[in-house]
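Below, read A as the first sequence line, B as the second, and so on, with proteins coming before strands; counting in each chain starts at 1. Side chains included, hydrogens not; waters and symmetry mates left out as well; all remaining heavy atoms used. Predicted, not measured: the structure shown is a model, and the values here were computed from it.
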2 protein chains.
Amino acid sequence: MVPLADPTYSRVREKLREDIVSGYFSGGTRLKIAELVNRYGVSQMPIREALQQLQGEGLIVIEPNKGAHVRQIDQSFLENMYDIRQLIEVYLTVRSLRNFQPRDIKELETLHSKYVKAANKSDFNQCLTLNKQFHSVIYKLADNPEGQQILEKHWQLINTLRLTFGYSTERIQKVILEHQDIITAIKDNDPIALEMAAKNHCINAKMDLILKL
Amino acid sequence: MVPLADPTYSRVREKLREDIVSGYFSGGTRLKIAELVNRYGVSQMPIREALQQLQGEGLIVIEPNKGAHVRQIDQSFLENMYDIRQLIEVYLTVRSLRNFQPRDIKELETLHSKYVKAANKSDFNQCLTLNKQFHSVIYKLADNPEGQQILEKHWQLINTLRLTFGYSTERIQKVILEHQDIITAIKDNDPIALEMAAKNHCINAKMDLILKL
DNA sequence: AGCTTATTAATTGTATACAATATCATATAT
DNA sequence: ATATATGATATTGTATACAATTAATAAGCT
């Protein structure tokens with residue numbers, strides 16, 4: 001069975017997330033359903049579901065019987081998110097170490113070399129995808145779906161931010177080095193080095209993104 | 001304006017969370033909308049919104065165009081959740097220290113003494129409420145709404161688990177001591193002691209809850 | 001028999017109409 | 001004049017009907 005078109009509420013969720021990140025709906029804006037019905041050309045119901053999902057991502061706040069408001073996506077917001085993200089990402093990465101098998105390391109290296117190739121072609125979108133796959137391999141081995149789910153939600157936002165504000169060549173080159181450090185620490189089975197590498201990777205990502213705002 | 005009745009989707013969300021925690025809908029169960037319509041006596045729409053919200057809490061997984069499945073709420077699930085929770089809770093608690101004012105400490109002590117009174121009356125529900133208020137004072141001062149939101153979501157589940165499986169007198173007595181340790185560390189402005197106290201508090205809560213399953 | 005392809009049934013998703021609630025403006029009383 | 005109550009309007013929430021998709025079943029082919 002081939003993958004079919006996403007349901008309307010998924011498409012609306014993606015569109016609305018873009019509209020929030022791009023600033024079309026800026027922080028504090030009241031999102032009226034009728035307005036969104038007009039903008040996206042669909043009925044209320046898929047919009048209401050998309051709003052619930054975006055509330056789950058922390059992008060909006062819904063007050064029952066009142067309405068939905070857009071969260072402020074500013075430096076403070078990203079700092080807070082990345083501080084939490086760092087805690088979880090470092091924890092999961094270190095945790096994954098015990099479950100790494102040779103074939104997992106191989107997979108990581110394959111994805112890494114693909115990343116380098118995509119970087120050389122300046123294919124930023126491909127880099128984004130490969131970056132996610134790279135970390136997904138690690139997260140899976142951490143064997144903590146609850147933590148992973150939080151990181152996945154963050155990633156939805158980060159991905160949209162990157163697509164909106166771009167990905168500098170310098171940052172991509174640094175990512176290559178940082179991923180290399182992570183791979184080395186895993187091969188060395190060195191949890192301390194891995195913790196440092198994961199932490200460093202997260203901090204740099206945060207700084208780079210905040211500077212783009 | 002007085003607080004009015006919750007919307008239907010909120011009530012359904014609460015009911016369904018209870019039904020999942022109690023095991024009426026056990027892990028892996030497919031949740032069909034028609035079935036839920038019958039069980040809760042409301043139409044599809046509020047049920048669909050409740051499902052989205054519970055997916056946000058991590059209690060169910062929705063596959064677009066396929067359906068919703070109940071997550072397994074077992075020891076592994078709670079361990080994973082509490083491991084993540086511990087990271088965030090400890091971080092936020094230590095972080096709050098810099099913002100604590102005398103009146104905040106006073107508020108904490110007031111809530112604590114109320115907790116002791118409720119404990120002496122064996123009013124467990126009141127203990128649950130006061131416990132949440134106690135920690136909310138701290139979370140607010142940590143000034144990281146993103147982290148706080150994750151803890152709040154966890155709390156929805158923990159609260160339901162406690163209401164379902166109960167709260168032992170022994171645990172309540174230990175909570176009193178653990179909260180006392182936290183207050184002392186805050187008064188001493190001692191981040192190391194506070195980190196220890198928060199960590200300890202979280203670990204004990206996890207162990208106690210897991211033993212109730 | 002085993003596999004593919006139609007056909008039917010079950011289930012999820014969407015649109016629309018209507019009900020409940022909240023918001024805003026206006027009038028009224030003190 | 002300020003505050004309070006009253007009514008009109010806008011907005012959110014719910015129910016129902018229908019469309020789209022998936023899953024299950026049966027038919028046909030090699």
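- Residue Ala68(B) is the one, among Pro64(A) and Ala68(B), whose nearest nucleotide of DNA chain C lies closer to the 5' end (criterion: closest heavy atom).
- Taking atom CG of Leu36(A) as the reference point, atom C1' of dG13(D) lies 16 Å away to the nearest angstrom.
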Would you give me the side-chain donor-acceptor pairs under 3.5 Å for residues 118-125 of chain A, sequence neighbours excluded?
| from | atom 1 | to | atom 2 | distance (Å) |
| --- | --- | --- | --- | --- |
| Asn120(A) | ND2 | Val116(A) | O | 3.4 |
| Asp123(A) | OD1 | Gln126(A) | N | 3.1 |

Restricting both atoms to N or O, compile the protein contacts to nucleotides 7-11 of chain C shorter than 3.5 Å, with distance only.
| from | atom 1 | to | atom 2 | distance (Å) |
| --- | --- | --- | --- | --- |
| dT11(C) | OP1 | Lys32(B) | NZ | 2.8 |
| dT11(C) | O3' | Arg30(B) | NH2 | 2.8 |

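- The side-chain heavy atoms of Leu209(A) and Tyr82(A), taken from C-beta on, include a pair separated by under 4.5 Å.
- With sequence neighbours left out, the side-chain hydrogen bond (donor to acceptor under 3.5 Å, both in side chains) criterion links His112(A) to Gln180(A).
- Applying a 4.0 Å cut-off to non-hydrogen atoms, the residues of residues 39-55 of chain A that approach DNA chain C are Val42(A), Ser43(A), Gln44(A), Met45(A), Pro46(A), listed by residue number.
- Considering only side-chain N and O atoms, Thr8(A) lies nowhere under 4.0 angstrom from the phosphate OP1 or OP2 of dG13(C).
- Under the side-chain hydrogen bond (donor to acceptor under 3.5 Å, both in side chains) rule, Glu57(B) has a single partner from His154(B), Arg71(B), Arg17(B), which is Arg17(B).
- A donor-acceptor contact shorter than 3.5 Å links the side chain of Asn99(A) to the backbone of Leu141(A).
- Atom pair Arg11(B):CZ and dA15(D):C1' shows a separation of 14 Å (rounding to whole Å applied).
- Look at Tyr9(A) and you won't find any side-chain N or O under 4.0 angstrom from OP1 or OP2 of dT14(C).
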Would you tabulate the side-chain donor-acceptor contacts of residues 100-108 of chain A under 3.5 Å, counting partners in other chains and residues two or more places apart, or write 'none'?
| from | atom 1 | to | atom 2 | distance (Å) |
| --- | --- | --- | --- | --- |
| Asp104(A) | OD2 | Gln101(A) | N | 2.9 |

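- Looking at Lys212(B), its side chain never comes within 3.5 Å of a backbone N or O of Leu161(B) through a donor-acceptor pair.
- A straight line from CD1 of Ile62(A) to P of dT11(D) spans 17 Å, rounded to a whole angstrom.
- Applying the side-chain contact (heavy atoms from CB on, under 4.5 Å) criterion to Tyr24(B), with sequence neighbours excluded, gives Asp19(B), Ser22(B), Arg39(B).
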